[in-house]
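Quick notes on the structure that follows.
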Amino acid sequence: NIEMIASQPSSTQQNAFQAHLEEQDQDDDLVWLKNLIRTNEHNRPKITDNLNDIQKNLLKEYINFRLVDDLLYRAIEDKSGYNRVQFVLPKQAVLGVVERIHSGSYSGHITYTFKTFRLVNERFYRPNLKQAVHDFVKTCDTCQKIKTTPQSKASLQLILPSRTNELVSTDFCGPFK
C-alpha cells in the first residue's frame with residue numbers, strides 16, 4: 001500500500017493541478033506567453049506588432065514570469081521586501097476567484113474594492129485584475145443591499161466676537177485621582 005501511495009499522488013491534488021493546467025491552456029494570451037518563455041527563457045523578446053492589450057501587459061512583466069511544471073506563475077518582490085509568487089489566472093477563472101474571495105465565509109462581502117483586490121492580489125495575478133475586482137464588487141447583489149450611505153459630518157459653527165472679551169471659554173476636565 002505504501003508503495004502504491006508513494007507512486008501515485010493524491011487524486012485531489014492531481015485533479016486540481018490538471019484543472020489549473022487545462023484552464024491556463026484555454027487562455028490564448030497565456031498560451032502565447034508560455035510559448036515565449038519556452039523559446040526565449042529569461043531573455044525578453046522584442047515584439048511590438050500585432051499584440052492585444054493583455055499581451056502588451058504580460059510582455060511588460062515578462063522577466064517576472066516563471067513556468068513550473070508547465071503552470072505559469074509571477075514572482076515579484078512586494079513593498080516589504082518579501083518575495084511573493086502569484087498564480088497567473090486565466091481569463092475564464094478571474095470571476096470565480098474574485099467571487100470566492102469576496103463572498104467567502106472569512107471575507108463576508110468586503111464592500112471595499114481595495115480590500116478585496118488586496119486579498120486576491122496576494123495569491124493571483126492577471127492584467128487588469130483591479131478593474132475586474134472593482135466591477136464585481138460594484139455589481140455584487142449582497143453588497144448593494146447592505147451598502148451604507150456615507151454620513152455627512154456636521155460642520156462646526158464659527159463664532160466671531162465683535163469686541164474684545166466678548167467670547168470667553170473654559171474647558172473643564174476631571175476629577176482626576
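Just so you know, these numbers use all the heavy atoms, side chains as well, and skip hydrogens, waters and symmetry mates. One is the number of the first residue; the rest follow in order along the sequence.
For the pair Leu59 and Pro45, the minimum side-chain heavy-atom distance is below 4.5 Å. No side-chain heavy atom of Val94 sits less than 4.5 Å from a side-chain heavy atom of Phe136. Inter-residue side-chain proximity for Val98 and Val137 is flagged as unmet; no heavy-atom pair is nearer than 4.5 Å. Within the 4.5 Å cutoff, no side-chain heavy atoms of Ile76 are placed close to those of Asn83. No side-chain heavy atom of Asp27 sits less than 4.5 Å from a side-chain heavy atom of Val88.
A donor-acceptor contact shorter than 3.5 Å links the side chain of Asn40 to the backbone of Leu36. A donor-acceptor contact shorter than 3.5 Å is absent between the side chain of Asp69 and the backbone of Leu71. A donor-acceptor contact shorter than 3.5 Å is absent between the side chain of Gln55 and the backbone of Leu51. The closest donor-acceptor contact from the side chain of Gln92 to the backbone of Gln26 lies at 3.5 Å or more, if one exists at all. Between the side chain of Lys34 and the backbone N or O of Asp70 there is at least one donor-acceptor pair closer than 3.5 Å.
The minimum heavy-atom distance between Glu61 and Tyr125, with the atom names listed, is CG-OH, 3.6 Å. Minimum interatomic distance between Cys140 and His102 (heavy atoms only, all atoms of both residues): SG-NE2, 3.6 Å. Here the shortest heavy-atom pairing between Lys91 and Arg126 reads CB-NH2, 3.3 Å.
No more than 12 heavy atoms of other residues, nucleotides or ligands lie within 6.0 Å of CZ in Arg123, so this atom counts as exposed by the packing criterion. Residue Glu41 places its CD atom among 12 or fewer non-hydrogen atoms of other residues, nucleotides or ligands, all under 6.0 Å distant.
Between Phe87 and Phe124, the ring planes lie perpendicular to each other; the angle is over 60°, past the 30° to 60° tilted range.
Distance check: His134 NE2 to Thr116 OG1 gives 11.5 Å after rounding to the nearest 0.5 Å. Here the CD atom belonging to Gln86 is positioned 11.5 Å from the CG atom belonging to Leu72, to the nearest 0.5 angstrom. The distance from the CD1 atom of Ile101 to the CG atom of Leu119 is 6.5 Å, given to the nearest 0.5 Å. From Asn57, atom CG reaches atom CG of Asn52 across 9.0 Å, with rounding to the nearest 0.5 Å. Separation of atoms CD1 (Ile54) and CG (Leu30) is listed at 9.0 Å; rounding is to 0.5 Å.
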Using the rule given for side chain to side chain donor-acceptor pair (under 3.5 Å), can you reason through Gln131 versus Asp135, listing the C-alpha separation, both sets of side-chain angles and the distance that settles it, and then say yes or no? CA-CA 6 Å; Gln131 186 63 44; Asp135 294 344; 2.8 Å; yes
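Under a hydrophobic clustering in which Ile, Leu, Val, Met, Phe, Trp and Tyr are joined whenever their side-chain heavy atoms come within less than 4.5 Å, directly or via other members, Val85 and Leu129 fall into the same cluster. Hydrophobic clustering (ILVMFWY, side-chain heavy atoms < 4.5 Å, transitive): Leu89 and Val68 are in one cluster.
At least one cation-pi condition fails for Arg44 and Tyr62: the charged atom is not both under 6.0 angstrom from the six-membered ring centre and inside a 45 degree cone around its axis.
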